[in-house]
Amino acid sequence: MNGTQKATKSDNPFLPEPARIVRTYPLTEDVNFFQIRIADMEKALGFSYQTGQFAMMTVLGAGEAPFSISSTPSRPGLLEFCIRKAGTVTNALFNLKENDLVGLRGPYGTGFPVDKMQGKDIIIVMGGLGAAPLRSVLLYCLDNRDQFGRVILLHGAKRPAEMLFLEEQLELKGRDDLECHLTVDSDDTGQWTEGTGVVTTLFPKLEGIDPENTFGLVCGPPIMYKFVLQEFLKLDIPKDQILMTLERRMKCGVGKCGHCAIDYIYTCLDGPVFSYWDVIHMRELI
Amino acid sequence: MKIVKMKRENLSSFLEAISREAELWAPVKKGVDTHAFQVVKDFSEIDLNYTRTILPPRKILVPSRFNMFQATKTEYTPDFSHVSNKIIFGIHPCDISGLLTMDKFYSYAIEDPYYLESRKKAMILGHSCWPDEHCLCKSTNTHIVEEGYDLFFTDLKDFYLVWIGSTQGDDLIRLVPDLFEGEIADQDIQRFMQWREDRDKAYSSEINFVAMADLMELRYNDPVWAKLGEACLACGSCTNVCPTCNCYNVEDRPVLGAEHSNISRCWDACTLENYSGVAGGENFREKRADRLKLWYTHKLQAYISKYGKPACVGCGRCIATCPVDINIKTVSDSLDGANPDAFWNRLSQEVTK
Amino acid sequence: MSDNNKLKIGIYELTGCAGDALLILDCEMELLDIFNAVDIQSFLMAKSDNIDGDLDVALVEGSVSTEREIEELKDIRKRSSIVVAFGLCATVGGIQARFSEEEWTQNLKEVYGDTEMTHTKAVHSKPIDAYINVDFYLPGCPVGKDQFLNFFTRVVQGAPPESYPVPVCVTCKYNENDCLLNKGIPCLGPLTADGCGSVCPNHDVPCYGCWGPAEGANLTSEYHLLQEKGFDIEAIKKRMSNYSGSKFQEFFEQFKNKESK
Ligand SMILES: Cc1cc2nc3c(=O)[nH]c(=O)nc-3n(C[C@H](O)[C@H](O)[C@H](O)COP(=O)(O)OP(=O)(O)OC[C@H]3O[C@@H](n4cnc5c(N)ncnc54)[C@H](O)[C@@H]3O)c2cc1C
Ligand code: SF4
Ligand code: SF4
Ligand code: SF4
Ligand code: SF4
Ligand code: FES
């Protein structure tokens with residue numbers, strides 16, 4: 001009565017599903033965009049997720065790593081990721097081509113509470129790779145436009161060439177139901193027509209914010225949090241309506257390997273979306 | 001719960017009978033005065049006169065390294081070859097409590113089949129023990145267990161009282177019913193009560209666990225952490241020997257000359273240097289002190305808020321193991337305001353000299 | 001054998017005992033698979049038709065001990081995408097690198113006197129990363145077979161393994177050894193990179209550090225611990241510096257300064 005094969009695939013949360021890279025192209029020098037479809041059509045359509053959640057991706061022979069889902073659940077079937085070349089797994093992933101197979105499991109973690117956000121104004125502040133999880137919620141808001149109040153996007157990058165989804169967002173600027181402000185620390189092209197300065201310089205542009213009715217979302221490089229959080233607090237947005245996604249080392253995504261532990265929570269189960277209130281009483285969070 | 005009696009001389013016949021049912025694991029002497037759970041064929045190797053094994057019995061359920069699945073690009077095939085029918089004989093109450101804690105942990109939110117399948121197929125045959133100077137299970141209230149075993153043997157010299165904790169345990173007894181007696185005489189009961197009283201008195205070490213969760217919070221920035229960090233060798237031993245540690249790492253190990261990889265899972269320890277490193281060379285807990293804080297938060301605070309009990313089950317392994325005296329006792333004592341005589345404390349005086 | 005899809009590998013020996021290169025040949029069961037999986041361009045110990053062209057992976061064994069080796073090493077770096085420090089000597093400099101620059105100059109004088117070296121000039125032995133960028137370290141004296149095979153198969157698949165260094169104590173605990181350090185025996189397990197499978201403590205012999213220093217090794221603590229256990233400073237130093245090459249020298253300098261004060 002040996003247990004081999006005992007636990008079937010469906011109840012084994014660690015088993016990836018083969019998934020195909022449908023499309024991949026560079027967004028910036030070291031960040032690529034990936035469109036991925038789970039090979040089994042039924043499972044591809046059954047993969048339901050929330051904005052802000054992440055998936056574990058396996059590249060055979062290299063390992064597994066967590067990535068935020070960049071697409072929106074309002075457009076099922078294809079999953080989109082935006083991934084920076086950072087080490088073992090991501091290097092191997094960048095060597096793969098369209099039609100190659102990876103492994104995928106998930107979705108994991110808490111997503112953005114879009115139910116609670118309904119009817120509210122949404123300010124999304126992104127920098128660097130923070131665009132990965134926040135693009136998901138941005139597209140979700142736009143796809144369900146009538147469910148939200150004002151939708152505001154503030155996006156900062158070092159240089160124009162480093163701004164993720166630049167074309168997509170320039171196009172979005174044309175919409176009159178989105179307030180979209182882009183900025184770069186410095187323009188080395190001479191052709192940049194949007195703002196210059198760090199992302200917090202965009203805050204003065206925001207007029208008539210009704211803090212009780214506003215959700216502030218932020219994700220970006222570590223130093224960005226501190227400054228953006230201050231701006232949100234200055235606007236008087238309630239602490240539990242300020243949301244951010246955080247990153248830790250992750251080996252399982254399901255609360256078992258321990259690597260993502262912060263104090264007594266696991267980022268993969270209790271996060272990666274946290275509120276500013278969580279941050280205040282979690283000693284190690286940021 | 002049903003209790004039966006077994007004469008001491010019947011033990012080996014009993015083991016003989018049950019070892020035909022499944023692989024028998026029991027404590028065996030290893031080194032001069034240390035022990036380890038091992039598969040036993042020859043019952044004379046079993047040494048029930050032990051206090052604690054070096055590794056806790058979780059190693060039998062989730063080995064330090066095993067393959068979770070085989071992977072090709074198109075197929076992921078689960079590998080449960082570490083799971084088999086096992087009987088673990090001679091487990092002490094603290095370790096049974098450790099397994100109960102692991103049961104909760106591995107079933108919380110998303111179930112881990114690699115532990116749970118293994119656990120389902122393991123029968124737990126507990127055995128009574130006598131505390132040494134490191135045992136803290138009375139403080140953690142895990143010196144007596146009411147659940148988590150199939151059978152529990154209390155050693156009363158010439159006989160055992162055997163608690164039957166499950167129908168599977170009952171089945172084992174039914175294999176050789178003649179070895180057991182249903183009648184327990186009044187003097188046997190008195191012997192047991194006396195044994196319990198004596199044992200309760202034998203504990204020489206204690207921790208005020210009730211206060212620990214708050215003290216952990218209140219003393220989170222206490223200078224003692226820097227002293228501990230100064231001395232910690234980051235060897236991971238305390239973590240590897242603790243019955244309630246669960247962390248692991250995963251590696252993709254391609255097979256030379258084949259098309260597949262073994263996806264291998266290996267114990268990890270939060271006290272090790274690289275535990276919290278992430279891409280970009282950032283390490284969230286580069287300092288040894290920060291890693292120790294995480295470990296002690298886990299033991300003294302985290303589980304209380306999640307499961308209503310500290311993670312420590314008082315087995316004393318960290319005390320017996322840490323070369324620099326950083327352990328649940330000295331750390332708790334210093335959080336409680338004491339100034340323990342420990343290497344780490346002496347070292348901090350030495351270095352600031 | 002020139003298959004373009006196969007990785008081009010070169011195996012080079014600088015100053016060392018060639019034990020690590022020998023280890024490859026010692027992988028008897030796997031040897032054919034190894035030779036099949038890659039295109040070995042240069043391997044002095046195993047073949048004679050060596051080519052010094054561009055490489056995907058260069059395994060470099062031994063420390064850098066002569067001027068000619070410095071040039072050779074720089075050339076290897078130029079030709080290779082991945083350079084691996086292969087074995088203890090390449091990783092930390094090995095036994096020959098445990099002397100300070102002064103001690104080394106003196107030793108050289110004692111042994112060779114004023115003999116002029118015509119072939120190449122000797123230099124103070126150093127690990128290879130003193131001269132070039134190293135992509136991957138495989139320590140060990142010699143490198144462990146499992147360690148090598150694991151690395152090798154991963155490289156063949158296109159991704160060197162994520163380095164996750166741990167000290168010897170980790171495996172020692174897996175093997176349930178009675179801790180020697182706790183018994184007052186000067187074991188260097190906590191300071192030493194794992195990879196050997198804790199063979200010495202498995203046989204009740206204390207680790208003497210032959211895998212080289214573990215990342216983040218806490219020398220100060222172990223040093224004082226051994227002192228407390230009754231070992232004198234010289235004995236500890238000797239023990240700790242045997243296999244740590246140039247890596248622990250700074251640490252001992254600090255004590256030298258303390259003592260002279
Ligand atoms: C919830 C979540 C969502 C994420 N979403 C995204 C996303 O959308 N896009 C994206 O690009 N990334 C995302 N990340 C980050 C991504 O998971 C990492 O970049 C990825 O794991 C890198 O894996 P790798 O194997 O390529 O790199 P690794 O080889 O693991 O590491 C890369 C670098 O990190 C360093 N490093 C690795 N391990 C250690 C260690 N233990 N100690 C010290 N340094 C170490 C190495 O030196 C190396 O330079 C997310 C992470 C989390 C937790
Ligand atoms: S913390 Fe120490 S005493 Fe408590 S369970 Fe773990 S090893 Fe045992
Ligand atoms: S606390 Fe002790 S046993 Fe644990 S890692 Fe540090 S030195 Fe090792
Ligand atoms: S015997 Fe040596 S290697 Fe093993 S745990 Fe003790 S100090 Fe570490
Ligand atoms: S000396 Fe240490 S590193 Fe070397 S083989 Fe022995 S235990 Fe391993
Ligand atoms: S990633 Fe494993 S516990 Fe969170």
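Every chain is numbered from 1, with letters handed out A, B, ... down the list of sequences. Values below: every heavy atom of this structure, side chains too, minus hydrogens, waters and symmetry copies.
- For a residue to count as touching a neighbouring chain, one of its non-hydrogen atoms must lie under 4.5 Å from one of that chain's; by this rule B:Y115 does not touch chain A.
- A cation-pi contact, defined as under 6.0 Å to the ring centre and within 45° of the axis, links A:K256 to B:F105.
- Using a 4.5 Å cut-off between heavy atoms, B:K73 contacts chain A through both its backbone and its side chain.
- Contacts of B:D268 with chain A are made by side-chain atoms alone, with heavy-atom separations under 4.5 Å and no backbone atom involved.
- Interface residue A:V102: only backbone heavy atoms are found under 4.5 Å from chain B.
- Scanning for salt bridge (charged side-chain N to carboxylate O under 4.0 Å, His left out) contacts around A:R20 gives an empty result, with sequence neighbours left out.
- Contact annotation for B:Y106: both backbone and side-chain heavy atoms come within less than 4.5 Å of a heavy atom of chain A.
- A distance of 7.5 Å separates SG of A:C268 from CD1 of B:I110, quoted to the nearest 0.5 Å.
- Nearest heavy-atom pair, A:F14 versus B:P113, reported as atom, atom and distance to 0.1 Å: CE1-CD, 3.9 Å.
- Using a 4.5 Å cut-off on side-chain heavy atoms (C-beta onward), B:N249 and A:C257 make no contact.
- Heavy-atom pairs under 4.5 Å with chain A were tallied for B:L116, B:D112, B:I263; the largest tally goes to B:D112.
- Side-chain contact of B:Y114 with A:N12: a donor-acceptor pair under 3.5 Å is present, judged by distance alone.
- Residue B:R253 does not touch chain A at all, counting heavy-atom pairs closer than 4.5 Å.
- Residues of residues 49-70 of chain A lying within less than 4.5 angstrom of chain B, judged on heavy atoms, are A:T58, A:V59, A:L60, A:G61, A:A62, A:G63 in numerical order.
- If you measure heavy-atom distances from B:Y303 to chain A, you find no contacts under 4.5 Å at all.
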